[in-house]
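Inspection log for the structure reproduced underneath, given as structure tokens.
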Amino acid sequence: MTEMEIPKEYNATDVEEKWMSSWDLSMYHFNWEEDPRPQYIIDTPPPYPTGNFHIGNALNWCYIDFVARYRRMRGYNVMFPQGWDCHGLPTEVKVEETQGITKNQVPRAEFRRMCREMTTGNIEKMRKTMLRLGFSVDWSNEFVTMEPEYFVKTQKSFVKMYEDDRIYHEEHPVNWCPRCETAIAFAEVEYEARKTKLNFIHFDKVNIATTRPELMAACVAVAVNPKDERYKEYIGQTIKVPLFGQKVPLIADEAVEAGFGTGAVMICTFGDKQDVRWWTKFKLPLIKAIDKKGKMTKAAGSYEGMSLKECQKAVISDLEAEGFLYAQKPLDQNVGLCWRCNTPIEILSDPQWFVKIDPEGILKKADEIRWLPDYMKVRLENWTETMEWDWCISRQRIFATPIPIWYCKHCGKVMVAEEAWLPLDPNETSPKKACSCGSTEFEPETDVLDTWMDSSLTALHVTGWESAHELRLPAQLRPQGHDIIRTWAFYTLLRTLALEGKKPWETIMINGMVLGPDGHKMSKSLGNVISPEEVITKYSADAFRQWGAVGGSTGSDVMFRWKEVVAASRFLQKMWSIYRFSMSHLKAFGAKEAQYFSKELLLPIDRWLLSKLNRLVLAATEEMDACQFDSTFKAIRGFAWEVLADNYLELVKNRLYGDELEGQLAARYVLYQTVDTLARLLAPFLPFFSEEMYSRLGAGSVHNQAWPEPEESLISQEAEAEGELIKDITSQIRRYKSENGLALNAPLKKIEIYKVQVDTRDIAGATNTEVELMKGAPSFEYLPVEVKPNMGILGPRFRKEAGAVVKALKAQAPAKIEAQAVSGKISISVAGKSLELDPEAVEIKKEVISEGREVDVLDIRGAVVVIVR
RNA sequence: GGGCUCGUGGUCUAGACGGUUAUGACGUCGCCUUGACAUGGCGGAGGUCCUGAGUUCGAAUCUCAGCGGGCCCA
């Protein structure tokens, strides 16, 4: 331990890069074999490999890393795996963009290759950021959903669920993105407020109002509210649709709002979700007027081939020309958009694959899981309770897990791959057996699986499902954002339940979103995006992580603020100074000196510090167990800064620099314990800084050390009370000097302390003044100036009369009350009745009269401190 | 339109089992280079605890209503 090597300034970049390149990351590996330690498996979110690990990911990973490092130190066999959720539209869209093609212009296999290549490059970039942020990822348990080792599981899960009758193939209306030319799930639909026009149109018997005149070709009914007097007589009759001429029934349904538009609505296949409900309820016919590219079909007659927009324009002008359109009104409307390309979605009917949803089962399992914070469970419940359709899992895209299915060319029967054949792409491989009709000719399924079919398997994957290892379900923790509760959490619950009948995790910890410095969601269009790299370069990874810890409580959204990062890096420097000072006094505190030390040597302020330290350990442990990172870190920081640096160090400096060995030993012992404990407490949050600290304290990495155990015998009310008095006396004298323009190390003539017993050695050292404990009362006059009622006692006792009692107390001279309090009972009269109060029921403020004397008097916690100048 | 969440000095925030002096940070103002740290120390100013009503002896805290943010959805 050589303090000469410790620079005055903490150079975060050098320290962080040094440790990053020298750490042996195998210390973070999970042990799949028999291990006496309890397992702690984290079902980490596999990020989408965009190539850029954004600040929201980073916050999420900070939380995961805090937990992972803490649990390791607590003696758990921790798995912090890293997955990559590769498949899906965004990569396809990006490849189409960068290559200037559309998916159908190149062979399927070639397109997949381009996607894989881009994904691999992106993963590499993101790994770098994660390493730089010091996350203790277990890279031996990395998984990549596009690799056969992973997607074989996705396919197996499909086959198992198909055979279990949980997956079926059916023609059903689905959300369709005409740009991406694929079905999408409800979870992938986003809504945006837009202005549109409500068109009022004469039908032959009633007038209807619609925002979608281009869908008149697909009109299959008109609906009114059964209670609507205007239309009662027409219910059950047929109505002719203008321009297109089809005759449709006029039906009655409660769901029609009589007050909206004309009170009559046309039902089309399909304008919106409500149309689908009516279509199902009344078993209406299906007219497909829109094709998969969003163009009008033959069913639209002369409008065939037009885009939806063109068609709407044409229909409106034709309606107007023929006198059907009689009014237009502006209307605010929410349009469903494809979450990836922002194209308005349509509802089309098409054969698709579906997973059955069992809301009750999911809700029951959700109840068995601990939700942090608990109110987040409500989001899952609300979503689950409002599910209307099953989960559409087929997508008409390319870069995704293939559906291992063929259709027999002769009888049309579905051939499902056997598990032993997997993984495979039905477009490249044929079934290894004939159809039950004897045919060996098959048509492959070209649809692929929804990406959530991959990622909803992570809990199973990380716990060893379908691997050489024993299944270790449930995982201990699922960390994720609240934005994907309805998708990732929901689907994982569904799939784990369907495949293994168990809950996927014991605890789910929800993190909030990161908002920009302006309080809004970070987005390119708002220009408020900040990257983790930018923060690291300017202020260090540890400062970034500290912002992640203290930025907000777990679950709440966190605003990114530069000044918090600045404050974080200031704490690093402050902590560094504390460390540097401590180490300069610890060079000699080796085994040699330690043998002369015994706890009897500890002075009151030492016991005060140790009590506070152990209380801190106790609280930090409790809060880390509850994933309360902000309060944990704030407690540690507060201790280091206010308790240790501002007070303890100032009080023991004199002893440390002095030549009295016993006092020195005690202070060194305390310093050593404190610095060692702080290094450990900080380790989950500041892996680089704490490692640098620990490198001069002990052997090996701090990340292989145990979390500190609180020594309860050192926690003591009395030790803290006496320490607090010493601290307060010293800091009041410091303030006194400051107010009186004295240098802080300026000696005073003398300090006299009355009325309490207190150890004066450190007070004398810290104030550079002789301190004497005085017997008896000081010869000063006290003037009681104010009576302060203690409402905690008076309120509950007197209830309605409490107000009157307070009034009566205040009406008396403070000196009179004081005199009674000294005798043990205070009597007052309220509304003619006389009452007796205990002295505890009031606090009497007194002032010392010291005018005309060469002294100043401070009243501190019952102690009277007389300063002789 | 629904659900969730929040509204505290200039800014951000703690407090939420109801108890009279409302926490801390940043900013601001003043003083101080003291043998770890000026990226520091000490002190000061600055508050209708969103509004209104209710419960209560007593409300930032509980209840209701309203207003206003944010998020997730329809």
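Just so we're on the same page: letters track the sequence lines, and every chain starts at 1. Both backbone and side-chain heavy atoms feed into the values below; hydrogens, waters and symmetry mates do not.
Distances were taken from every side-chain heavy atom of A/Asp557 (C-beta onward) to each of B/rU39, B/rC37, B/rC71; the shortest belongs to B/rC71. Nearest to the side chain of A/Asp646, among B/rG41, B/rA74, B/rG70, sits B/rG41.
Taking a cutoff of 4.0 Å between a charged side-chain nitrogen and a carboxylate oxygen, A/Asp606 and A/Arg655 qualify as a salt bridge. Salt bridge present: A/Glu801 and A/Lys833 bring a charged side-chain N and a carboxylate O closer than 4.0 Å. Salt bridge status for A/Glu623 with A/Lys634: absent, with no side-chain N to carboxylate O gap under 4.0 Å. Using a cutoff of 4.0 Å between basic side-chain nitrogens and carboxylate oxygens, A/Glu346 and A/Arg212 are scored as salt-bridged.
Between A/Arg735 and B/rG43, a side-chain N or O to OP1/OP2 separation shorter than 4.0 Å is present. The side chain of A/Trp641 contributes an N or O atom lying less than 4.0 Å from OP1 or OP2 of B/rG41.
Looking only at side-chain heavy atoms (C-beta outward), A/Ile793 and A/Leu837 stay at 4.5 Å or farther from each other.
Taking the six-membered ring where the residue is Trp, the centroids of A/Tyr10 and A/Phe689 are separated by under 6.0 Å. The six-membered or imidazole ring of A/Phe639 lies away from that of A/Trp641, with a centre-to-centre distance of 6.0 Å or more.
Summarising the geometry of A/Met509 relative to A/Tyr63, their closest heavy-atom pair is CE-CB, 3.8 Å, with the distance given to 0.1 Å.
Going from atom CZ of A/Phe571 over to atom P of B/rC37 covers 17 Å, rounded to whole Å. Across the protein-nucleic acid pair, A/Ile793 atom CD1 and B/rG58 atom C1' stand 16 Å apart, rounded to whole Å. Rounded to a whole Å, the CG atom of A/Leu649 is 12 Å from the P atom of B/rG41. Note: CD (A/Gln546) to P (B/rU39) measures 18 Å, nearest angstrom.
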Would you tabulate the pairs of protein nitrogen or oxygen atoms and nucleotide nitrogen or oxygen atoms of nucleotides 11-22 of chain B closer than 3.5 angstrom?
from, atom 1, to, atom 2, distance (Å)
B/rC12, O2', A/Arg561, NH1, 2.6
B/rC12, O2', A/Arg561, NH2, 2.8
B/rU21, OP1, A/Lys788, NZ, 3.3

N/O contacts under 3.5 Å, protein versus nucleotides 3-8 of chain B?
from, atom 1, to, atom 2, distance (Å)
B/rG3, O2', A/Asn382, ND2, 2.3

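Figure legend. B/rG43 is base-paired to B/rC29; pairs are counted as Watson-Crick or G-U wobble with both atom distances under 3.5 Å. B/rG1 and B/rC73 make up a base pair, with Watson-Crick or G-U wobble contacts both under 3.5 Å. Pair assignment for B/rC62 gives B/rG54, based on Watson-Crick or G-U wobble hydrogen-bonding distances that are each under 3.5 Å.
Annotation: of the two residues near RNA chain B, A/Arg277 and A/Phe798, the 5′-most nearest-nucleotide partner is A/Phe798. Nearest-nucleotide positions on RNA chain B place A/Ala567 closer to the 5' end than the other of A/Ala567 and A/Lys574.
Partners of A/Arg277 according to the side-chain hydrogen bond (donor to acceptor under 3.5 Å, both in side chains) rule, which considers only residues two or more places apart in sequence or in another chain, are A/Gln274, A/Glu388.
Using a 4.0 Å heavy-atom criterion, one finds that A/Ala746 contacts no nucleic acid atom at all.
Spacing between B/rA45 and B/rG10 at atom P, rounded to whole Å, works out to 16 Å.
Taken from OG1 in A/Thr492 to CZ in A/Phe490, the straight-line distance is 10.5 Å, to the nearest 0.5 Å.
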